[in-house]
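Read the structure below first, then the notes.
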There are 2 protein chains.
Amino acid sequence: MAITIKDVAKKANVSIATVSRIVNNQSGYSSGTKEKVLKAIKELGYSPNALARGLVGQPTRTIGVLLPNVSSLFAGKLLEGIEDEAKENGYSVVVCNTGTQGLRAMGYLDMLNEKRVEGIIYGSGDMTKDQGDKLSALNIPVVMVATKPAYGHFPYVKVNDKKAAFDATRCLLDHGHTRIAFIGGQLEDPIAGRPRYEGFIQAMNERDLPIDESLIKFGDFSFNSGKEMMTEFVEEGASFTALFATSDEMAVGVLHAAYEKGIRVPDDLSVIGYDNTLASEMAIPPLTTVAQPLYEMGQKAFQRVIKTGATQIEMKHHMVERETVKSRRT
Amino acid sequence: MAITIKDVAKKANVSIATVSRIVNNQSGYSSGTKEKVLKAIKELGYSPNALARGLVGQPTRTIGVLLPNVSSLFAGKLLEGIEDEAKENGYSVVVCNTGTQGLRAMGYLDMLNEKRVEGIIYGSGDMTKDQGDKLSALNIPVVMVATKPAYGHFPYVKVNDKKAAFDATRCLLDHGHTRIAFIGGQLEDPIAGRPRYEGFIQAMNERDLPIDESLIKFGDFSFNSGKEMMTEFVEEGASFTALFATSDEMAVGVLHAAYEKGIRVPDDLSVIGYDNTLASEMAIPPLTTVAQPLYEMGQKAFQRVIKTGATQIEMKHHMVERETVKSRRT
DNA sequence: CTGTTAGCGCTTTCAG
DNA sequence: CTGAAAGCGCTAACAG
């Protein structure tokens, strides 16, 4: 059996209440007793039982994080921000890998609830209605990060996807490109799918450029999906001088397909990605991309789930120009 | 206030003991009462308080995972394996990002202990003596994954680093290379540093090839470190036809430096990495590497920390030949 | 300044 | 088959 507050009390010849006060830095004891108790604690190697504390209504100092794919660079960065900020504030975070479909989420919700987490961060991925309802019912703070609610009305922290996509497209446009291919997430995805598509369209429209449907494809943000779509483009004989992929992974997939097909980037084709994960930095050539401040978003999400505040936080995106975008020779 | 076992008992007109039995699938009640209680539970939306359960000596079904860098592809894969297996077994995992130096580890250990986790997985990174001592003192199961104890004697699951490095070098040798550069972790690192170096040396020796010290450098496994070392090699005018980097990230850094310097891979230089993370797959050209089964290692580590068993599990590595290694024209 | 005591929500004897 | 009651380790009144 682990050693408890009673053992300390006995050893220091005081009551457990006194020990509790000292452990919790409250007032109401002489410096003499404090010393005695601290000594006993050290000698016994006592550490308070967080379970018991939680039971008497004390904050559990634990939050839960739901992520669709912990092993991705994207989620990793988010998690890192959350975790660092949590540590800073004395909290621990339990991670839940909900899987690509977010299928396992419901089970996690019960578990998190039973463990009495103080808050839940829902990172990316689509929230189903079931999940939203359950989350609301749980009656504990929820904040969404890198996504926003399709159901319910949870606070969220994210960039403006449409504007970010608009700027990415503009970057290509400003380099003189007019035939621009677009690779995005599904249009049915109201968070990361449609808005980015709309940003693209808006930028094209603003320049009075026609939208060529044969230059538009939708995938699932993954490397493979990007690679496949690009391969299709070239096999279909599509002609374009630039391409915007709405995730770095897809963009790197594009780079891959281009490499295989002997298309030189950026000489034959300019490519721009989205996210600014390590993947864009490691790409050859280094990928120009529009950055989401993932780490900071994680930090903000943590803060927001603990202290209540603004119900939506819009983070600023920014362009990171590396080597995959080149001006079109005219 | 959340609803408790008492509420259920009252609503179902039974004692809390009965409710407890039913919730825990024990025996000792009629099917009639069971139905009544289940109904009450559903209507009230009751869910047991894990804190209270833990307090009465029940397993907390929680484990802690210490990782030096959660946002890396490497740690991500490990974590994914751990988490999936945990979920499968009804456990939750709290992640601790110990930072590159593992400096924050001590604080985490206290926290994990206070939360009464049932076990701790120490993932990668060097364990300091302080940490080892504390971990032992905690008196809860610890298993190390992708690393092994330099202090203490914890069970671990990992590949045989020396053999893996030996095989990687052999791959280069078998392709006819004789002047092979080596980029590794620090020799002082007894886990991932020295053994891989030794594997390299052994393979060279076996072929009676001389070891050229000017072709050997040590870094920190990161992309930047790999890139820098490769840049140094070419600036020093070192001459070699193949290179072995003991992490995919470093290998990709090498690819980068080569790209910048106009060195073609694999035509001018063959490169082999280590880990088989997504980075190797996404590299251009796709990186040949020696794979560690990171995901499975995570799973095994979880199993081992829960059920006691073998004190060391050696996982098998294997070669993944992609496009960065080419036979030397003779 | 310090101790006593009543729970927190749950599991588990021990009686019936 | 079911209930009463003790107690897990801790905090928070309430007394002194």
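Order of the sequence lines sets the chain letters (A, B, ...), proteins ahead of strands, with each chain counted from 1. Note that the structure is predicted; figures quoted are calculated from it, not measured.
- Between C:dG9, D:dC1, D:dG9, one nucleotide has an atom nearer to the side chain of A:Val56 than all others, and that is D:dG9.
- For the side chain to side chain contact (heavy atoms under 4.5 Å, CB included) criterion with B:Leu135, the lone passing option out of B:Leu112, B:Ile120, B:Asn113 is B:Ile120.
- In this structure, A:Thr33 does not reach the C:dC1 phosphate: none of its side-chain N or O atoms is under 4.0 Å from OP1 or OP2.
- Among the atoms of the strands shown, only primed sugar atoms or phosphate atoms (P, OP1, OP2) are found under 4.0 Å from some heavy atom of B:Val14.
- Residue pairs meeting the side-chain hydrogen bond (donor to acceptor under 3.5 Å, both in side chains) criterion with at least one partner in residues 50-76 of chain A, sequence neighbours excluded, are A:Asn24-A:Arg53, A:Thr62-B:Lys115, A:Asn69-A:Ser71, A:Ser71-B:Glu80.
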Show each protein N/O and nucleotides 14-16 of chain D N/O combination with a separation under 3.5 Å, one pair to a line.
none

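- Applying the ring-ring contact (aromatic ring centres under 6.0 Å, His included) rule to pairs touching residues 4-37 of chain A yields nothing, sequence neighbours excluded.
- For C:dC8, the OP1/OP2 oxygens have no side-chain nitrogen or oxygen of B:Asn49 closer than 4.0 Å.
- Distance from the side chain of B:Ser30 is smallest for D:dT2 among the nucleotides D:dC10, D:dA12, D:dT2.
- Among the protein residues, A:Glu114 comes within range of no part of the nucleic acid, since none of its heavy atoms lies under 4.0 Å from any strand.
- Remark: P of D:dC8 and CG of A:Asp7 are 11 Å apart, rounded to the nearest angstrom.
- Close to C:dT12, at under 4.0 Å from its OP1 or OP2, lies a side-chain N or O of B:Gln58.
- Between B:Gln26 and C:dT11 there is no side-chain N or O to OP1 or OP2 distance below 4.0 Å.
- Residue A:Lys34 has no polar side-chain atom (N or O) positioned under 4.0 Å from OP1 or OP2 of C:dC1.
- Residue-level contact check: B:Ser20 touches the bases, meaning some heavy atom is under 4.0 Å from a base atom.
- When the P atom of C:dG3 is taken as reference, atom NZ of A:Lys10 falls 15 Å away, rounded to whole Å.
- Using a 4.0 Å heavy-atom criterion, one finds that B:Leu51 contacts no nucleic acid atom at all.
- In this structure, B:Gly28 reaches the bases: a heavy-atom distance under 4.0 Å links it to at least one base atom across the strands shown.
- For B:Ile5, the side-chain atoms get nearest to C:dG9 when compared with the rest of D:dC10, C:dG9, D:dT2.
- Both the sub-6.0 Å distance and the 45° axial angle are satisfied by A:Lys87 relative to the ring of B:Tyr108.
- In this structure, NZ of A:Lys115 is placed 16 Å from C1' of C:dC10, rounded to the nearest angstrom.
- Atoms CZ (A:Arg61) and P (D:dT11) sit 13 Å apart, rounded to a whole Å.
- When distances run from any side-chain atom of A:Ser15 to the nucleotides C:dG9, D:dT11, C:dT4, the shortest one goes to C:dT4.
- Remark on DNA chain D: of its neighbouring residues B:Ile16 and B:Leu55, the 5'-side contact belongs to B:Ile16, judged by nearest-heavy-atom nucleotide.
- Rounded to an integer number of Å, the gap from CD1 of A:Ile41 to C1' of D:dC10 is 13 Å.
- Nearest-nucleotide positions on DNA chain D for A:Val19 and B:Gly57 put B:Gly57 closer to the 5' end.
- In this structure the side chain of A:Tyr156 never reaches within 4.5 angstrom of the side chain of A:Tyr122, judged on heavy atoms.
- At a threshold of 4.5 Å between non-hydrogen side-chain atoms, the residues A:Ile82 and A:Ile121 count as touching.
- In terms of heavy atoms, B:Phe74 sits closest to B:Ala146 at CZ-CB, 3.9 Å.
- With a 4.5 Å cut-off on side-chain heavy atoms, B:Asp130 and B:Lys134 do not count as touching.
- The listed nucleotides are D:dC8, C:dT2, C:dT12; the one nearest the side chain of A:Lys6 is D:dC8.
- Close to D:dT11, at under 4.0 Å from its OP1 or OP2, lies a side-chain N or O of A:Arg53.
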